[in-house]
Amino acid sequence: MDQASEPARYDFAAAEPRWQAAWNDRDCFLAPDVPPADAKKYYVLEMFPYPSGKIHMGHVRNYTLGDVVARYKRATGHLVMHPMGWDAFGLPAENAARDRGVHPGQWTYNNIANMRAELKRMGLSLDWSREFATCDPEYYGQQQSLFQDLMAAGWVERKESWVNWDPVDNTVLANEQVIDGKGWRSGAPVEKKRLSQWFMQITRAAPELLGALDTLDRWPERVKLMQANWIGRSEGARVRFELAQSVDGVTDVEVFTTRPDTLFGMSFLAVAAEHPLADAAAKRDPAAAAFIAECRAQGTSEAAIEQAEKRGFDTGFFVKHPFNGQEYPIWIANFVLMEYGTGAIFGCPSGDQRDLDFARKYDLPVLPVVLPPDADPRDFTIGDVAYTDDGTIFNSGFLNGKTVPEAKRAAIDALEQKRAGKGIVNWRLRDWGVSRQRYWGCPIPVIHCDACGVVPVPKDQLPVKLPEDVDFSRPGNPLDHHPTWKHVNCPQCSRAAVRETDTFDTFVDSSWYFARFCSPRATVPLTKAAVEAWLPVDQYIGGIEHAILHLLYARFFTRALHGMDKVATPEPFAGLFTQGMVTHASYRAADGRWLYPEEISVDAEGVATEKATGAVVAIGRGEKMSKSKNNTVDPGAIIDRYGADTARWFILSDNPPERDMEWSEAGVAGSQRFVQRLWRLVQTNLPLPAAEETPAGRKLRQTTHRAIAAVTQALETFAFNVAVARIHEFANAIAEAPAEAAGAKAEALDAITQLISPMMPHLAEELWSTLHPDGKLVAELDWPVADPALLKAETVTLAVQVNGKLRSNIEVAVNEGEDAIFAAALAEENVSRAIDGKPIRKRIHVRGRIVNFVV
RNA sequence: GCGGGCGUGCCGGAAUGGUAGACGGAAGCGACUUAAAAUCGCUCGGGUGCAUGCCUGUGCGGGUUCGAGUCCCGCCGCCCGCACCA
């Protein structure tokens with residue numbers, strides 16, 4: 001077949017770079033640091049990527065979602081800021097250095113260059129003038145300055161503590177980075193180690209971080225819930241028990257309880273293996289020491305899984321009960337956590353399942369103290385199930401007869417009177433340890449001097465830059481090994497001193513980058529005018545995996561900076577959207593090998609076989625894309641083959657954006673068909689006839705304006721898949737419009753071009769330039785507004801029901817009188833047959849919707 | 001165990017208490033073509049019928065209502081988060 005008769009197709013490969021250049025040339029997406037006072041600002045931000053070297057489909061989804069919002073908001077009269085940067089510090093760069101001999105900085109900046117080019121191919125409406133990487137000395141220097149401000153404001157503390165030590169990565173992990181007792185990156189069992197560390201005092205902000213969740217009305221409920229659980233507020237009492245005999249000078253032990261009402265049900269006191277009293281027992285008794293060692297081993301490795309058994313060791317120490325004066329034994333127990341409360345509990349077996357399990361195992365007494373509502377105190381006993389519900393207190397001296405809440409209050413009052421305890425609120429949240437023994441991170445800007453202690457590096461000497469010449473061949477922290485870098489003179493006394501060789505947790509870097517974007521080149525961390533103008537971020541978009549860590553730290557930073565009058569709002573992100581994962585089918589041979597899609601073929605029944613062997617292959621539906629499962633799809637290859645618009649459109653059309661989406665070849669191909677179809681729709685209607693009012697034309701105009709309203713509504717609510725469906729319907733309607741409607745087609749084609757523009761910006765420009773060769777860009781146009789007059793129909797189709805069952809449809813004028821409507825409905829043959837002469841008991845008419853006869 | 005979310009065709013999914021399955025994908029049939037691709041048309045929850053139709057149908061069982069996928073009660077199943085949190 002010759003070339004000439006080949007049907008013309010939209011050449012996305014030529015068009016997309018052309019429009020990207022046009023946007024760039026006209027500075028379409030630049031925003032000022034300080035917007036004019038009358039501007040409606042809108043700050044759209046997607047979580048910035050780690051520069052691994054290539055973008056993946058998760059990025060494509062994330063940035064497509066953000067770009068739709070940014071472009072839509074820009075078109076609806078907002079001054080949009082939509083920046084991009086790089087979360088560029090972190091371990092993979094050091095691993096690359098160790099394994100391949102390339103410097104982390106070089107590796108990182110190369111990766112950034114690759115990924116920037118890939119992102120640019122997506123046609124995102126980004127303000128690239130604001131770009132920075134957290135490993136730029138300009139950025140991390142300002143972070144060092146900010147850290148010193150936080151120190152001065154009292155948010156930072158250096159303390160010795162038990163830390164989670166990752167023996168493979170040779171670094172400290174935050175609690176949040178320990179998953180099932182293993183390091184979140186290395187997967188190695190985490191060990192406990194005692195180290196001197198820098199901490200952000202996030203616990204001081206716990207009440208506000210919890211309370212302010214209520215103000216975040218555009219956050220997903222489940223994220224707020226996860227944060228609330230993580231912060232973990234619980235009301236109770238701290239109770240001090242005197243030891244019957246002091247141990248190594250220790251005279252008492254404190255416990256935290258939420259159930260002071262059950263104090264009379266006590267039968268033992270238990271401490272964690274790391275508790276000082278456990279140490280004391282270990283010194284006296286090798287068996288105790290052995291038990292503690294066992295607990296420690298168990299605490300880190302497989303324990304979490306087979307957590308079943310409660311085990312303990314009787315120390316032989318005793319405490320005196322604050323109320324009844326009796327003595328109770330102190331045990332070391334493997335289920336008591338040093339990290340929570342005081343690392344000690346009092347055991348009330350009748351009211352707590354764990355305590356009960358423990359008591360049964362070691363034959364400790366079980367005294368019921370809460371009587372269920374309809375139980376008889378003379379014969380009520382506890383079997384293998386503790387009673388944790390409400391009831392009446394008994395067997396409990398002065399608390400007898402009270403309800404549980406009453407007894408809690410009375411017990412706390414009594415404790416406070418005896419100075420043996422007090423009512424407190426306990427938090428699960430721990431302070432945030434930010435020290436990491438790594439090279440590729442922001443150096444902590446302090447100097448340790450034997451004479452002066454910890455001295456901040458003077459601000460005029462910031463940034464404390466990372467040395468370039470480092471050795472990654474030895475395990476541990478290269479900064480610590482460096483021959484010269486850490487040796488400096490004390491800024492205060494000028495004597496020989498050493499730099500801090502730890503660097504910050506990378507979550508510090510991402511805790512304020514959104515604020516830095518407001519004035520990314522400023523010579524101070526934040527400029528007040530820019531930050532006040534732009535923050536909070538109006539729409540933040542990212543993965544649910546950051547629901548706790550990143551989002552909580554960013555909230556904490558913002559709150560602290562707000563208190564220091566550096567940020568005007570206490571919360572960084574007014575709106576949060578968490579997108580689902582991108583998944584893909586996977587193929588696994590019977591012997592467990594993961595096969596690439598190219599290696600298999602699928603027959604008509606959907607049975608997959610391996611091409612090489614002919615053996616049947618198991619198809620996994622919708623598994624998270626991962627290199628190990630050979631089911632990743634490279635965005636670059638997709639854009640080569642289909643173009644950015646097609647990829648964007650498919651990602652938006654498949655399903656609601658908060659759910660996981662399955663990437664499928666058929667789906668992308670379908671989106672590509674629609675791209676071509678729209679292009680043809682415009683081409684085949686050219687040249688457009690002049691506007692002319694005809695009945696058919698009016699109908700098309702109504703369709704046009706309804707589409708505008710529906711798509712606008714869908715975009716406002718993040719229902720992008722619905723927006724796509726409405727656009728499909730609209731395209732169908734334009735294609736099917738009769739010849740008499742031609743006079744309304746120009747308006748329809750203009751509208752559909754604009755409606756697709758947030759989602760398929762290149763195609764929109766291409767179509768617009770065909771429809772209006774006057775040089776204007778869609779990116780510069782105002783969003784179309786539906787004409788209310790055209791949204792109202794003259795006639796409406798009413799469903800006619802008899803006893804709630806659909807029997808017919810009638811077409812009536814919108815403001816037809818009720819009597820006429822009922823008459824018309826009854827005139828329908830189906831309706832009269834269904835009524836079958838029975839008397840009509842009730843007639844219902846909902847205007848514009850339905851008529852229902854009850855017979 | 002605690003907390004949250006969700007169950008709709010073959011699949012993704014739509015549906016202010018008011019015509020369930022929009023829209024898309026897959027599949028099948030047909031047109032065009034020497035053939036294919038591309039494109040266009042038709043069918044597409046189940047049952048029944050010559051048929052305008054009729055019956056049935058949104059995990060299961062009840063309820064409220066003229067009317068329930070949607071609201072209420074009780075189950076079942078799946079997914080996610082947290083988890084010896086005292």
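Below, chains carry the letters A, B, ... as their sequence lines are ordered, and counting in each starts from 1. Side-chain atoms are counted along with the backbone in the values below, which use heavy atoms only and exclude waters and symmetry mates.
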>> Expressed as a whole number of angstroms, how long is the span from A:Arg233:CZ to B:rC85:C1'?
In response: 15 Å
> When the nearest nucleotide of RNA chain B is assigned to A:Ile844 and to A:Phe346 on a heavy-atom basis, which residue is associated with the more 5' position?
Replying inline: A:Ile844
> With no hydrogens and no angle check, do the side chains of A:Arg677 and A:Asn732 hold a donor and an acceptor under 3.5 Å apart?
Replying inline: yes
> Any idea which of B:rA86, B:rG18, B:rA26 is nearest the A:Ala666 side chain?
Replying inline: B:rA26
>> Partner lookup for B:rC2, please. Criteria are Watson-Crick or G-U wobble with both distances under 3.5 angstrom; report none if nothing qualifies.
In response: B:rG81
> Counting only Watson-Crick or G-U wobble pairs whose two distances fall under 3.5 Å, which nucleotide matches B:rC10?
Replying inline: B:rG25
> Rounding to the closest angstrom, what is the interatomic distance between B:rC10 and B:rG18 at atom P?
Replying inline: 26 Å
> Within less than 4.0 Å of OP1 or OP2 of B:rA38, is there a side-chain N or O belonging to A:Arg673?
Replying inline: no
> Contact class for A:Arg680 (heavy atom, under 4.0 Å): base, sugar-phosphate, or nothing?
Replying inline: sugar-phosphate
> Does A:Arg428 count as lying over the ring of A:Trp230, i.e. NZ or CZ under 6.0 Å from the six-ring centre, within 45 degrees of the axis?
Replying inline: yes
> Which of the following nucleotides, B:rU19, B:rA86, B:rU56, is nearest to the side chain of A:Thr258?
Replying inline: B:rA86
> C1' atom, B:rG13 versus B:rG45: distance in rounded Å?
Replying inline: 15 Å
>> How many whole angstroms separate atom OH of A:Tyr642 from atom P of B:rA38?
In response: 11 Å
> Reckon A:Arg807 has a side-chain N or O less than 4.0 Å from the OP1 or OP2 of B:rC55?
Replying inline: yes
>> How many whole angstroms separate atom CZ of A:Arg726 from atom C1' of B:rG13?
In response: 11 Å
>> Check this one for me: any side-chain N or O of A:Asn721 less than 4.0 Å away from OP1 or OP2 of B:rA14?
In response: yes
>> Output the rounded distance in Å from CZ (A:Arg659) to P (B:rC80).
In response: 15 Å
>> Let's see if you can work this out: which of B:rC84, B:rG18, B:rA14 has an atom nearest to the side-chain heavy atoms of A:Val846?
In response: B:rG18
> Taking CG from A:Asn229 and P from B:rG1, how many angstroms apart are they, rounded to a whole number?
Replying inline: 17 Å
> Are A:Arg354 and B:rC85 close enough that a side-chain N or O sits under 4.0 Å from OP1 or OP2?
Replying inline: yes
> Of all the nucleotides listed (B:rU52, B:rC84, B:rU19), which has the minimum atom distance to the side chain of A:Glu829?
Replying inline: B:rU52
>> So, OP1 or OP2 of B:rG4: does either fall under 4.0 Å of a side-chain N or O from A:Lys224?
In response: no
> Taking the inter-plane angle between the rings of A:Tyr553 and A:Trp432 on a 0 to 90° scale, is it parallel (under 30°), tilted (30 to 60°) or perpendicular (over 60°)?
Replying inline: parallel
>> Does A:Arg849 contact B:rU16 through a side-chain donor or acceptor facing the base, at a distance under 3.5 Å?
In response: yes
>> In whole Å, measure the gap between the P atoms of B:rA83 and B:rG28 for me.
In response: 49 Å
>> Looking at B:rU39, which nucleotide sits across from it as a Watson-Crick or G-U wobble partner, both distances under 3.5 angstrom, or is there none?
In response: B:rA31
> If you draw the axis of the six-membered ring of A:Phe822, does the NZ or CZ of A:Arg843 fall within 45° of it and under 6.0 Å from the ring centre?
Replying inline: yes
> Counting side-chain heavy atoms from CB outward, which of B:rA22, B:rA86, B:rG81 is closest to A:Ala725?
Replying inline: B:rA22
>> If you define the side chain from C-beta out and look only at heavy atoms, does anything of A:Ile727 sit under 4.5 Å from A:Trp649?
In response: yes
>> Regarding A:Arg311 and A:Glu294, does a basic nitrogen lie under 4.0 Å from an acidic carboxylate oxygen?
In response: yes
>> Rounding to an integer number of angstrom, what distance separates B:rU64 and B:rU70 when you compare their C1' atoms?
In response: 14 Å
>> Taking B:rA14 as the reference, what is the distance to B:rG7 when you measure between their P atoms (whole Å, please)?
In response: 9 Å
> Where the side chain of A:Arg677 is defined as all heavy atoms beyond and including C-beta, which of B:rU19, B:rC80, B:rC40 is the nearest nucleotide?
Replying inline: B:rC40
>> Of the options B:rA86, B:rU19, B:rC84, whose atoms approach the side-chain atoms of A:Asn809 most closely?
In response: B:rU19
> Within less than 4.0 Å of OP1 or OP2 of B:rG24, is there a side-chain N or O belonging to A:Asn732?
Replying inline: yes
> Closest to the A:Arg428 side chain: B:rC82, B:rA86, B:rC66?
Replying inline: B:rC82
> Once you round it to whole Å, what is the distance between C1' of B:rA86 and CD1 of A:Ile424?
Replying inline: 12 Å
> Over how many whole Å does the gap from A:Arg222 atom CZ to B:rC79 atom P extend?
Replying inline: 15 Å
> Without hydrogens or angle criteria, can the side chains of A:Arg659 and A:Gln579 be said to hold a donor-acceptor pair below 3.5 Å?
Replying inline: no
> What interatomic distance, in whole Å, is found between P of B:rG25 and the corresponding atom of B:rA38?
Replying inline: 12 Å
> When all nucleic acid strands are considered with a 4.0 Å heavy-atom cut-off, which category describes A:Ser671: base, sugar-phosphate, or nothing?
Replying inline: nothing
> How far, in whole Å, is B:rA35 from B:rA26 if one measures between their C1' atoms?
Replying inline: 25 Å
> If we call it a pair only when both distances are under 3.5 Å in a Watson-Crick or G-U wobble match, what pairs with B:rU19?
Replying inline: none
>> Taking only the C1' atom of each, what is the distance from B:rG5 to B:rG9 in whole angstrom?
In response: 24 Å
>> Taking atom types as they are modelled, would you say the side chain of A:Asn852 forms a donor-acceptor pair with the base of B:rC66 within the 3.5 Å cutoff?
In response: yes
>> Expressed as a whole number of angstroms, how long is the span from A:Asn803:CG to B:rC55:P?
In response: 11 Å
> What nucleotide among B:rG81, B:rA86, B:rG4 has an atom nearest to a side-chain atom of A:Leu225?
Replying inline: B:rG4
> Checking all strands, does A:Val336 fall into the base, sugar-phosphate, or nothing category for heavy-atom contacts under 4.0 angstrom?
Replying inline: base
> Given side chains that start at C-beta, do those of A:His584 and A:Glu662 come closer than 4.5 Å, heavy atoms only?
Replying inline: no
> Going by the angle between their ring planes, with limits at 30° and 60°, are A:His550 and A:His546 parallel, tilted or perpendicular?
Replying inline: perpendicular
>> Using heavy-atom distances to pick each residue's nearest nucleotide on RNA chain B, tell me which of A:Glu221 and A:Ile544 is more 5'.
In response: A:Glu221
> Reckon A:Asp355 touches a base, only the sugar-phosphate, or nothing at all at heavy-atom distances under 4.0 Å?
Replying inline: nothing
> A:Glu729 side chain: which of B:rG18, B:rG12, B:rA22 is closest?
Replying inline: B:rA22
>> With the 90 degree cut-off around zero defining syn, does B:rG9 come out syn or anti?
In response: syn
